Structures are given as structure tokens and as C-alpha cells.
Amino acid sequence: MATDAQIGMGAAVSLDNASGSLTLLGEPITITLPNPQVADVEATHFGSPNRRREYIAGLIEDGEVTFGFNYVPGGPVDVLIMAAIEDGVARTMQVDIPRKGTTAYRFSFEVIVKGWEKTVPLEDRLTAVLTARVTGPVTAGAVAP
């Protein structure tokens with residue numbers, strides 16, 4: 001059986017520009033998607049069987065997402081992300097992952113932008129990493145590119 005593996009070339013990241021419209025963030029180089037984790041809530045009681053702790057499923061947290069970029073000081077991505085950090089308002093984020101064929105797989109979610117870490121190496125490209133906290137539900141599904 002042939003593999004269905006593929007590379008991420010063509011993936012795209014967009015962030016709300018605070019005016020209600022998604023703005024494509026240019027030159028992404030790494031993408032970390034939401035990572036849903038279910039909290040475990042202890043439900044042990046005096047009569048728990050065999051003196052064993054018992055748990056029930058708690059709330060789901062999608063955690064933080066990170067995105068690496070080629071960094072352009074003062075460029076459109078730099079300006080937009082700094083504005084998102086300054087205003088502290090939840091913004092819509094969208095990530096499109098290419099799939100074989102004619103569709104993409106889209107993740108949409110709200111984030112609070114938390115960080116914008118820039119790296120300036122001596123003999124390599126400038127890079128930056130955007131860190132954001134996912135807030136609320138994540139939707140995902142196939143879309144036309």
C-alpha cells in the first residue's frame with residue numbers, strides 16, 4: 001500500500017487584523033496546531049472500589065499554538081502581531097493545510113496573542129515565533145483552497 005504522507009509546503013496562516021478581516025501572515029516556516037487535552041477531575045469518594053482513585057472527564061483545553069516565520073523587522077506581519085499583543089483582544093486565526101487533490105484542511109479558532117520572539121543570528125536568516133493561547137472551540141474541516 002502506498003503512503004498518504006505529504007509535506008507541508010503551501011500551508012497558510014491568517015490572523016484577524018482587528019477590523020474583522022483575516023490577513024495572510026507571510027512566510028511561515030513552522031506551524032503547531034491546537035492540541036486538545038481533556039482535564040481529569042478526581043471523583044474519588046470513601047466508597048471507591050479497591051481503594052482506587054476515580055476520575056471523570058473535565059473541560060477540554062486546546063493549549064497554545066506556535067508559528068515560526070521569516071522575520072522582516074517592521075514588515076506587515078511584525079506590525080500586525082505587535083498590534084495584537086498591545087490590544088490584548090481575542091482574534092480569529094485560520095490555518096490551511098494542503099491536502100493531496102484539490103482541497104485543503106482548515107482549522108479556525110480564536111486566540112489571544114501572547115508572544116513574538118525574534119531571533120537575529122550572525123550567519124542565518126532572521127526568524128520569529130508567534131505564541132498564542134487558543135480560547136474557545138476549534139473547528140476543522142475540508143475546504144476548497
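This is a predicted model, so every value here is computed, not measured.
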Checklist outcome for this item: To the nearest 0.5 Å, atom CZ of F67 lies from atom OG1 of T131 at 9.5 Å
Next on the checklist: Under the rule for salt bridge (charged side-chain N to carboxylate O under 4.0 Å, His left out), what residues qualify as partners of E86, not counting sequence neighbours?
Outcome noted: none
Next on the checklist: Just so I know, are the side chains of Y71 and D78 near enough to count as touching, which here means a heavy-atom distance under 4.5 Å?
Outcome noted: yes
Item to check | Heavy-atom pair of closest approach, residues G74 and V79 | outcome: O-CG2, 3.7 Å
Next on the checklist: Can you list everything that forms a salt bridge (charged side-chain N to carboxylate O under 4.0 Å, His left out) with D87? Sequence neighbours excluded, please.
Outcome noted: R91
Checklist entry - Would a hydrophobic clustering, with Ile, Leu, Val, Met, Phe, Trp and Tyr connected at side-chain separations under 4.5 Å, put W116 with V89? => result no
Checklist entry - Under the ring pair (Phe, Tyr, Trp, His ring centres under 6.0 Å) test, which residues partner Y55, sequence neighbours left out? => result none
Checklist outcome for this item: Heavy-atom nearest pair, I85 first then G115, reads CD1-C, 3.9 Å
Checklist entry - Should Q94 and V143 be marked as a side-chain contact (heavy atoms from CB on, under 4.5 Å) after you check the CA-CA gap, both sets of side-chain angles, and the distance that decides it? => result CA-CA 12 Å; Q94 183 174 287; V143 294; over 6 Å; no
Checklist outcome for this item: For V113 and I81 the tightest heavy-atom approach is CG1-CG2, 4.1 Å
Checklist entry - Do you know which two heavy atoms are closest between I112 and G88, and how far apart they sit? => result CG2-O, 4.5 Å
Checklist entry - Once you round to the nearest 0.5 Å, how far does NZ of K118 lie from OG1 of T127? => result 11.0 Å
Checklist entry - Heavy-atom distance under 4.5 Å between the side chains of L25 and F69, does that happen here? => result yes
Next on the checklist: Are L24 and M93 linked, directly or through intermediate hydrophobic residues, by side-chain heavy-atom contacts shorter than 4.5 Å (ILVMFWY only)?
Outcome noted: no
Next on the checklist: So for atom CD, which belongs to Q6, do other residues, nucleotides or ligands contribute more than 12 heavy atoms lying within a distance under 6.0 Å?
Outcome noted: yes
Item to check | Residues which pass side-chain hydrogen bond (donor to acceptor under 3.5 Å, both in side chains) with K114, listed by chain and number, not counting sequence neighbours | outcome: E64
Next on the checklist: Going by side-chain hydrogen bond (donor to acceptor under 3.5 Å, both in side chains), name the residues that satisfy it together with D96, two or more places apart in sequence or in a different chain.
Outcome noted: R106
Item to check | Least distance between heavy atoms, D62 atom then G136 atom | outcome: OD2-O, 3.7 Å
Item to check | T119 side chain vs A128 backbone, donor-acceptor pair below 3.5 Å | outcome: no
Item to check | Minimum heavy-atom distance P28-V13, with the two atoms named | outcome: CB-CG2, 4.3 Å
Checklist entry - Given the rule in the side-chain contact (heavy atoms from CB on, under 4.5 Å) test, do V111 and L15 qualify, once you have shown the distances and angles that lead to the verdict? => result CA-CA 9 Å; V111 297; L15 181 66; 4.1 Å; yes
Checklist entry - Going through the checks in order, is the side-chain contact (heavy atoms from CB on, under 4.5 Å) test met by N17 and L80? => result CA-CA 7 Å; N17 66 6; L80 176 58; 4.0 Å; yes
Item to check | V138 side chain reached by P36 side chain, heavy atoms, under 4.5 Å | outcome: no
Next on the checklist: Do L130 and L33 land in one hydrophobic cluster if side-chain heavy atoms of ILVMFWY residues count as linked below 4.5 Å?
Outcome noted: yes
Item to check | T92 and E110: side chain donor to acceptor below 3.5 Å | outcome: yes
Checklist entry - Side-chain heavy atoms under 4.5 angstrom apart, residues restricted to Ile, Leu, Val, Met, Phe, Trp, Tyr: same cluster for L126 and I29? => result no
Checklist entry - Any chain of hydrophobic side-chain contacts (each under 4.5 Å) joining V65 to V129? => result no
Item to check | CE-CD1 distance between M9 and I97, expressed to the nearest 0.5 angstrom | outcome: 13.0 Å
Item to check | Test item: S14 and V95 side chains (from C-beta on) under 4.5 Å apart, heavy atoms | outcome: no
Item to check | With sequence neighbours excluded, residues passing salt bridge (charged side-chain N to carboxylate O under 4.0 Å, His left out) with R53 | outcome: E42
Next on the checklist: V72 vs V77, test: side-chain contact (heavy atoms from CB on, under 4.5 Å). Steps then yes/no.
Outcome noted: CA-CA 8 Å; V72 179; V77 173; over 6 Å; no
